[in-house]
Each structure stands twice: as structure tokens, then as C-alpha cells.
Amino acid sequence: MNLFNVYPLFDIEIAKGIGCRTYDNHGIEYLDLYGGHAVISVGHSHPYYVQKLTHQIENLVFYSNSVINKLQVELAEKLGKMSGYEDYSLFLINSGAEANENALKLASFHTGRRKVIAFDKSFHGRTSAAVRVTDNPKIVAPINEGFEVDFLPLNDIEAVRKSLSKGDVCAVIIEGVQGVGGIRTPENKFLQELSEACKAAGTVLILDEVQSGYGRSGKFFAHQHAGIRPDLITVAKGMGNGFPIGGVLISPMFEASHGMLGTTFGGSHLACTAAIAVLDIIKVEHLVENAEKIGNYLIEELSKIHQIKEIRGLGLMIGIEFEQPVKEIRNRLLFEKKIFTGASGTNTIRLLPPLCLSKSDADIFLTSFKEILQSV
Ligand code: PMP
């Protein structure tokens, strides 16, 4: 059987990973500045993470929604404490799209409404409802047309107020920092006014922190830079450091009822073990602080390079926009300098390294990047 191949692939096979480095099947080392789309948060094959998962897989791999799983309770407690959302509750699933899918469903149960506000260049996943609120790339199959979506410009509070004024909006969904759309951070003032406007309209505010969360922005969640408290927060990616797990943090205004949401794999013993280990490592190794420090350093140094059109970012979530397509620069970084980067659209390089990136690794990237830019 062939693969149903929807991705363009580099001819490289990655066989091993340690910290911020990966190795291909010939043993060639690559610096990883993309972390598998922000999935690798605490570093490849972190020894504590490996030890915890190994012990769990030897002991028990189990899925049940009808008996107690104390690891879920421990994860919720730790996540609440570290994120500052101790009074919220946690629903566990397996991915970012699933987290947004469940958040939209909760919002619609709660309000009885079916219209959603999303933003230009947004990305929220590829399941049926998540893709419907995604602007970039826009992929709407006939089956997705079930609910109405108003795509508005980011940071345009008047457009939001106008759309909310009809009183029929179920939810506003917004990324903490837009990732796929090119690393675009909503202004703090906009988020504060958005939060107030949603409260006044009885609309649920969903913060998608799937890419920007888990310390990457220099705070546990990117929206915390604006000091707001959304009604629902969605997480995935870095939550499991490579083990699939996602979650919805749910404010106390929502009431759980039997059968309203469900999953087979979500919140398994293995997934919770991975997610607890990630939180332990983030705390002990001060990775949120490191993301802020190294992120600021990279942004400052990159801002000095004159060929770059614009640097955008928060912490270790950085967009480097050029006037021209970045394909050649990225390919040369990969094949000549052995450095993995990502892209947003055609003209922006996207950096989402593991949160443990050191200053010396940041310097290796900066030196290599400048060398390549001299000859493109
Ligand atoms: N939300 C955001 C902000 C994302 O960046 C992504 C993935 N790129 C998703 C949701 C979807 O996550 P997943 O691929 O785990 O479904």
C-alpha cells in the first residue's frame, strides 16, 4: 500500500533525538529549531521523561472511562498550579484540533448559538469544526458549512463589537499568537477589549494556545501577557513533548453533564505520564524563563539583520519575514548548515525550537543564518 501523501517531504530520515538536536539514519546531526511544529517542548528524549514513560509502559497501558485514573487528577492539579488556572477544570483529548472541536461544542451547548467569530490568517486544526474557523489555509468542504463564521481582521475591536452586537455569537476563537498565519501577536489592548466585549455579549472567549502555550511565549500562556482570563483555553502540541495529548481548560461557569463530551484514547495513563513529566521538567529547568530569555536574545539579534523585512514574535515563537520567498534560505540552512526551521506561507521563516534552547545553540543558528544570507 502507498502512503496517501499530502505533505511535500525532504529526503531525510530522522532516527534519533537528544535535547535540541536530532540525528538522521546516517548519524548526521541537525540542530532542531522547529521542534516538530512546537511539539518538542522539553527536548528530544529527555532522560526524566523517558524514565517516567518507560516505567509507565512497563506497568500499565490502560484506557477506561469508567474507573478512576489518578494520573488525570495529578495532571489537572499540576497544570492548574503552573498555569494560574487552579479554579478551572480539564477535559483531556489527543490533539489540538480535537481540543478546539470540543471547546466550540462546549461554547455552543452553553449559549445555544451557532455563529462564531474567528480571525484572518487563523489556524485551528483540520477536523470538521476546527477547519471551518481556520482562515489559512482555507479548506472548506461542503460538510463544514453547518455553522456561520465571521472572519475579522486581527486587532480590529470595532469589527468585533459590530459582529457581537447582534447578540447571536456563540464564541470568539483566537490564537494566543497566530502560528501558521505567520507569528502574529494580538495586541494586549485588543485582547483586553475583546475579553470585555465577549462578557457583555454573553459570548464565550476561546483562547487557542495549542502552539503558543506551555511556556513558549515567555509566560505559561501567551494571553497572560495581556492579563485576561478566557472562558476556554485549548492546549496540545508541547503538552506531551511528542506524545499525543490535548486538553481544554474550562472555566467554572461551565457545568459538566454525563455524555456531553467523550473520547476513547484521551487522558490515557501513558499520555498523562508524558504530560506530568513535561510539567515537572518545565518547572525544575525554568523553561518558561529560558524561552523568554533566549527568545528575546534571538529577536534582538535578528532585528540587526538588514535583509529581513520584519521580525515578529514572543519568546521562542519567532517569525522572520522577507520580501522574497524563503524556500532557498530554509533549504540551505537544512542541507548546508544542518539546521531545521519551519515556514509560514512563502516569505516567513518560523522558529519553534524546544524550550531548552541554549544561548550557544542560538548563536550557532545566528552565525549560520548570516552566512547564508550573505550569498542569497
Ligand atoms: N491550533 C493551532 C494554533 C495550531 O497551530 C494547530 C496545529 N498547527 C492546531 C490547532 C491543530 O493541532 P493538531 O494538529 O494537533 O490537531
Side-chain angles (χ1 to χ4, degrees), residues 6-7 34-41 91-107 116-139 144 149 151 154 171-186 191 205-217 220-225 230 232-249 263 265-268 271 274-275 278 312-319 340-345 348-353 355:
V6 295
Y7 299 109
Y34 200 44
H37 309 261
V39 161
I40 304 301
S41 46
F91 181 68
L92 290 165
I93 54 287
N94 313 289
S95 70
E98 234 187 306
N100 288 328
E101 201 79 19
N102 280 285
L104 288 165
K105 206 194 282 179
L106 277 167
V116 176
I117 293 176
F119 292 92
D120 295 345
K121 292 188 160 39
S122 60
F123 185 91
H124 298 292
R126 294 180 190 272
T127 53
S128 218
V131 83
R132 183 74 181 95
V133 292
T134 289
D135 179 50
N136 171 39
K138 224 179 185 67
I139 309 159
N144 304 131
V149 186
F151 287 100
L154 194 65
V172 174
I173 183 163
I174 183 167
E175 286 156 87
V177 176
Q178 286 188 339
V180 176
I183 314 293
R184 292 169 205 281
T185 310
L191 283 180
L205 178 58
I206 304 171
L207 242 300
D208 179 342
E209 293 276 1
V210 166
Q211 190 167 147
S212 55
Y214 262 76
R216 180 160 296 282
S217 74
F220 198 87
F221 290 126
H223 68 262
Q224 290 173 321
H225 291 272
L232 300 169
I233 302 161
T234 56
V235 287
K237 288 195 186 275
M239 185 179 193
N241 197 49
F243 200 101
I245 181 167
V248 189
L249 279 69
T263 164
F265 288 124
S268 74
V278 165
R312 293 185 293 272
L314 214 47
L316 285 177
M317 191 168 179
I318 299 174
F340 270 109
T341 59
S344 292
T348 302
I349 293 178
R350 186 161 42 137
L351 305 182
L352 302 164
L355 306 181

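Counting begins at 1 with the first residue of the sequence. Remember, predicted model here, so these are calculated numbers, not experimental data. Remember, it's 1-based here, ligands and their atoms both numbered in the order they're listed.
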Enquirer: Would you mind reporting whether Met317 and Arg350 have side-chain heavy atoms less than 4.5 Å apart?
Expert: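 They are not in contact (no side-chain heavy atoms under 4.5 Å apart), so the answer is no.
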Enquirer: Provide the number and element of each atom of ligand 1 under 4.0 Å from a heavy atom of Asn100.
Expert: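 Those of ligand 1 that fall under 4.0 Å from Asn100 are 1 (N), 10 (C).
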Enquirer: For atom 5 (O) of ligand 1, what is the nearest protein heavy atom, given as residue, atom name and distance?
Expert: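 Going by distance alone, atom 5 (O) of ligand 1 is nearest to Gln211 NE2, 2.8 Å.
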Enquirer: Just need the protein heavy atom nearest to atom 16 (O) of ligand 1, so name the residue and atom and give the distance.
Expert: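 Sorting protein heavy atoms by distance from atom 16 (O) of ligand 1 puts Ala97 N, 2.8 Å first.
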Enquirer: Can you name the atoms of ligand 1, numbered from 1 with element, that are less than 4.0 Å from a heavy atom of Lys237?
Expert: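 Counting atoms of ligand 1 from 1, those under 4.0 Å from Lys237 are 4 (C), 5 (O), 6 (C), 7 (C), 8 (N).
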Enquirer: Determine the interplanar angle of the Phe221 and His223 rings, folded into 0 to 90°, and report it as parallel if under 30°, tilted if 30 to 60°, perpendicular if over 60°.
Expert: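 Phe221 vs His223 ring planes: parallel.
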Enquirer: For atom 15 (O) of ligand 1, what is the nearest protein heavy atom, given as residue, atom name and distance?
Expert: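 Atom 15 (O) of ligand 1 sits closest to the protein heavy atom Gly96 N, 2.8 Å.
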Enquirer: Among protein heavy atoms, which sits nearest to atom 4 (C) of ligand 1, and what does the distance come to when rounded to 0.1 Å?
Expert: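 Closest protein heavy atom to atom 4 (C) of ligand 1: Phe123 CD2, 3.7 Å.
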Enquirer: Identify, by atom number and element, the atoms of ligand 1 in contact range of Glu175, meaning under 4.0 Å from any of its heavy atoms.
Expert: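 This gives 3 (C) as the contact atoms.
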Enquirer: Would you say the side chain of Ile93 lies within less than 4.5 Å of the side chain of Val248, judging by non-hydrogen atoms?
Expert: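 Touching, per the 4.5 Å side-chain cut-off.
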Enquirer: Considering only non-hydrogen protein atoms, determine which one is nearest to atom 1 (N) of ligand 1 and report residue, atom name and distance to 0.1 Å.
Expert: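 Of every protein heavy atom, Asp208 OD2, 2.7 Å lies nearest to atom 1 (N) of ligand 1.
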Enquirer: If the cut-off is 4.0 Å to any non-hydrogen atom of Ser95, which atoms of ligand 1 fall inside it?
Expert: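 By the 4.0 Å cutoff, the relevant atoms are 15 (O), 16 (O).
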Enquirer: Any protein heavy atom under 4.0 Å from atom 8 (N) of ligand 1?
Expert: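 Yes, there is one.
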